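Both ligands and their constituent atoms are indexed starting at 1 by order of listing. Hydrogens, waters and symmetry mates are skipped; everything else that's a heavy atom, side chains included, is used. Just so you know, these numbers come straight off a predicted model, no measurement behind them.
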Amino acid sequence: MDIAKSDASFAMDAASTRQITGYTLAEILTQPRAWQAALDRVAQAQNALRKLWQEKRFTELLVTGCGSTYYLSLAVAPLFQQQLGCRARAVPASELLLFPETVMPANECPLLITISRSGRTSETIRAARAYQTSQPQGFVLNLGCYGETDLVALSNLALTVEEGQEQSVVQTRSFSAMLVTAQAAVAALGDETQLERMQVLPTCGEQLISTYHDLARQLGQQTSFERFYFLGSGLHYGLACEANLKMKEMSLSISEAFHFMEFRHGPMSMVDEHTLVVGLLSQSARDYELAVLREIRALGARVLALAEDPVPAQDVDYQVSFHSGLPESQRSVLYLPVLQLMGYYRARARGQNPDQPHNLTAVVVLDAGSAQ
Ligand code: F1P
């Protein structure tokens, strides 16, 4: 069935018309409630965050995590640099642990932001310990979903959103709750109104899921797609990587993430009529990004665009429009629900169980003091 292009045709509240089975789907559908909890948590910590930033005046920032939380770090670092003017870099925790001299700034003591759903991932804990050993005056800010953990105990300040906890190995609600926490923390360091205006986010998320649940399910069930490419730039590259990981983890599909303009420099060779390319459009580079999507579509691929405002219907096959009214630095969580749902439904269509992803565990814990 060819999917209609119009947004309006997905206005039906699809979630209410289908039996929710398993916990991954429920976690995806309920994530806007965790966003509200994240906003509330940051509001409580606003004075502590402001005091930290005014006292320390950080010029360097390192953000680290593993897997999904490394991709979240890739989304958080450019956000802090863009909004707060510090130099920010995201690295996998294993790089900070094993190759610190390639990561730590030479003459500055950076703020280390550790991101971990569980707070129990060995690499992230060991990286935080190594940082503290090398930087006794250092400061660790932790974003996570569990309070009583080794990583929280290691941090100077922890922003913990327990409503992000989930049974699934695959991070969905936890990821978006931690992203909203980071975005709200940046807003809290701005003027008073910034954090307040983010209060519309949960409602926007509910409306988005209701409007586009059917599109996500139909795209996920379109088994004629054989490979997926997720394109994102600036604040959105980390989210393109996370959407890619969801598609891989849940449905075992061939999937890759690229910066938009990088796609022409080789990966475009892989595009054919069995390809779905998903564009996480920005505001400032939208014209460049749309040009890439038009070229891809001319090669026979199908294109899904996600953006704040509608794109020209002739440029894409499917589209999701947020209509949030929020600035780009506060709305990027809205790219996630539809792409998480698409991965979920593709997994189901391919006979996979998203609740039990292949070869994965919820937390990677290494033997004490050993390499594995
Ligand atoms: C990190 C992580 C997840 C991944 C899987 C295994 O966990 O790599 O990103 O999706 O669940 O663990 P955490 O440090 O965020 O708890």
For ligand 1, which of its N or O atoms have a protein N or O partner closer than 3.5 Å, and how long is each gap?
from, atom 1, to, atom 2, distance (Å)
ligand 1, 7 (O), Thr121, OG1, 3.4
ligand 1, 8 (O), Cys66, O, 3.4
ligand 1, 9 (O), Cys66, O, 3.0
ligand 1, 9 (O), Ser68, N, 2.8
ligand 1, 9 (O), Gln171, NE2, 3.4
ligand 1, 10 (O), Glu249, OE2, 3.3
ligand 1, 11 (O), Arg117, NH2, 3.2
ligand 1, 11 (O), Val169, O, 3.2
ligand 1, 11 (O), Ala362, O, 3.1
ligand 1, 12 (O), Ala362, O, 3.4
ligand 1, 14 (O), Ser116, OG, 2.7
ligand 1, 14 (O), Thr121, OG1, 2.5
ligand 1, 15 (O), Thr69, OG1, 3.1
ligand 1, 15 (O), Arg117, N, 2.8
ligand 1, 15 (O), Gln171, NE2, 2.9
ligand 1, 16 (O), Ser116, OG, 3.4
ligand 1, 16 (O), Arg117, N, 3.4
ligand 1, 16 (O), Ser118, N, 2.8
ligand 1, 16 (O), Ser118, OG, 2.6

Please determine if Asp317 and Arg297 form a salt bridge, counting it only when a charged side-chain N lies under 4.0 Å from a carboxylate O. yes
For the pair Asp309 and Arg286, find out whether any cationic side-chain nitrogen is under 4.0 Å from an anionic carboxylate oxygen. no
Qualifying side-chain hydrogen bond (donor to acceptor under 3.5 Å, both in side chains) pairs, either residue in residues 57-68, two or more places apart: Thr59-Glu108, Glu60-Arg87, Ser68-Glu242, Ser68-Lys246
Just to verify, what does Leu299 make a side-chain contact (heavy atoms from CB on, under 4.5 Å) with, not counting sequence neighbours? Met268, Val271
Glu295/Arg264 salt bridge by N-O under 4.0 Å criterion: yes
For residues 236-261, pull every pair meeting ring-ring contact (aromatic ring centres under 6.0 Å, His included), keeping only residues two or more places apart or in separate chains. His236-Tyr335, Tyr237-His259, Phe258-Phe263
